[in-house]
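A short worksheet on the structure shown next.
Since the structure is predicted, the reported quantities are computational estimates derived from the model, not experimental observations.
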Amino acid sequence: MIRVFVAEDEPLILRDISDLIPKLNKNFSVAKSCTNGKQVLQALNEEIPDVLITDIQMPLVTGLELIERIVGEKLPIICVILTSYKEFDYAQKAVGLSVYRYLLKPVDEGELSAVLHEIEKETASIEYKNRRREYFSLQKGKGEYANKKLIYAIEKYILEHLHENINQQ
């Protein structure tokens, strides 16, 4: 199952897109629907989706700021921009961030379906799978290193205080 986060500050559009995605392609599920970029950042602490579909202009953290963070942290997420802005500046910045697609609102179901189909092929590619596997193995390694560091610190504390008199007061 290809897991998607959708970020859109207009509740009706958010609901419609979140409902439409699994109807257009049964291999997709919407894991989170967020009304601003800050909610997406919080959700990323719990789960890394395969795909993010985000509006450009949102409160607190914009879609472009969100994608900049994702790219900066090298998160293996396919990013799609959904916007009513046709301005070249936004499109140019999106291309610079390696955004997968730039969809204009109102969303054309055929176009969204085609993009989902392309993403489905992309997520099946060996390159994509290797990128995700590498990211998650690095994260696991960081966690194991942090655990070893904590255990070492506890052992050190115990050894340093082993000869102290322990009592309850």
**OP:** Determine, using the 4.5 Å side-chain heavy-atom cutoff (strictly less than), whether Val6 and Ile78 are members of one ILVMFWY cluster.
**Re:** yes

**OP:** Any chance you could measure Leu116, atom CG, to Glu111, atom CD, to the nearest 0.5 Å?
**Re:** 11.0 Å

Original post:
At what distance, to the nearest 0.5 angstrom, does CZ of Phe28 lie from CD1 of Ile21?
Top reply: 8.0 Å

**OP:** Tell me whether Ile56 is reachable from Leu104 by hopping between hydrophobic residues (I, L, V, M, F, W, Y) whose side-chain heavy atoms are closer than 4.5 Å.
**Re:** yes

Original post:
Hey, does Leu44 have a side-chain heavy atom less than 4.5 Å from the side chain of Pro49?
Top reply: yes

**OP:** State yes or no: do Ile13 and Tyr102 share one hydrophobic cluster built from I, L, V, M, F, W and Y residues joined by side-chain heavy-atom distances below 4.5 Å, directly or via other members?
**Re:** no

**OP:** Might you point out which heavy atoms bring Leu14 and Ser33 nearest each other, and give the distance in Å?
**Re:** CD1-CB, 3.9 Å

Original post:
Looking only at heavy atoms, which two atoms of Glu47 and Phe5 are closest? And how far apart?
Top reply: O-CZ, 3.8 Å

**OP:** Can you measure from CE (Met1) to CG (Asn27) and round to the nearest 0.5 angstrom?
**Re:** 6.5 Å

Original post:
For Ile81, which of Leu103, Leu64, Leu52 qualifies under side chain to side chain contact (heavy atoms under 4.5 Å, CB included)?
Top reply: Leu64

**OP:** Start with the C-alpha gap between Ile77 and Asp50, add the side-chain angles, then the distance that decides, and say whether side-chain contact (heavy atoms from CB on, under 4.5 Å) holds.
**Re:** CA-CA 5 Å; Ile77 300 172; Asp50 298 289; over 6 Å; no

Subject >> Interatomic spacing from CD1 in Ile2 to CD in Glu122 - rounded to 0.5 Å >> reply: 10.5 Å

Original post:
Does Tyr135 reach the side chain of Ile48, with side-chain heavy atoms less than 4.5 Å apart?
Top reply: yes

Subject >> Straight-line distance of Leu66 CG to Leu60 CG, nearest 0.5 Å >> reply: 11.5 Å

Original post:
Honestly curious: do Val107 and Tyr100 fall in one hydrophobic cluster under the side-chain, below-4.5 Å linking rule?
Top reply: yes

Original post:
So, the side chain of Ser113 versus the backbone of Glu109: is there a donor-acceptor pair under 3.5 Å, distance only?
Top reply: no

Subject >> Common cluster, Leu75/Val51, ILVMFWY with side-chain heavy-atom separation under 4.5 Å >> reply: no

Original post:
Should we say atom CZ of Arg132 is surrounded by more than 12 heavy atoms from elsewhere, each under 6.0 Å from it?
Top reply: yes

Subject >> Close side-chain approach of Asn25 to Ile119, heavy-atom, < 4.5 Å >> reply: no

Subject >> From Ile17 atom CD1 to Glu10 atom CD, the distance as rounded to the nearest 0.5 Å >> reply: 9.5 Å

Original post:
What is the minimum heavy-atom distance between Thr54 and Gly63, and which atoms define it?
Top reply: OG1-CA, 3.6 Å

**OP:** Determine whether more than 12 heavy atoms belonging to other residues, nucleotides or ligands lie under 6.0 Å from atom NZ of Lys105.
**Re:** yes

Subject >> Heavy-atom side-chain proximity of Asp9 to Asp55 below 4.5 angstrom >> reply: yes

Original post:
Which heavy atom of Ser18 sits nearest a heavy atom of Val30, and at what distance?
Top reply: O-CG2, 3.4 Å

**OP:** Please name the pair of heavy atoms, one in Val99 and one in Cys79, separated by the smallest distance, quoted to 0.1 Å.
**Re:** CG1-O, 3.4 Å

Subject >> Heavy-atom pair of closest approach, residues Glu65 and Thr62 >> reply: OE1-N, 2.9 Å

**OP:** Please lay out, stage by stage, how Asn36 and Gln39 fare under the test side-chain contact (heavy atoms from CB on, under 4.5 Å).
**Re:** CA-CA 6 Å; Asn36 63 62; Gln39 289 176 347; 3.5 Å; yes

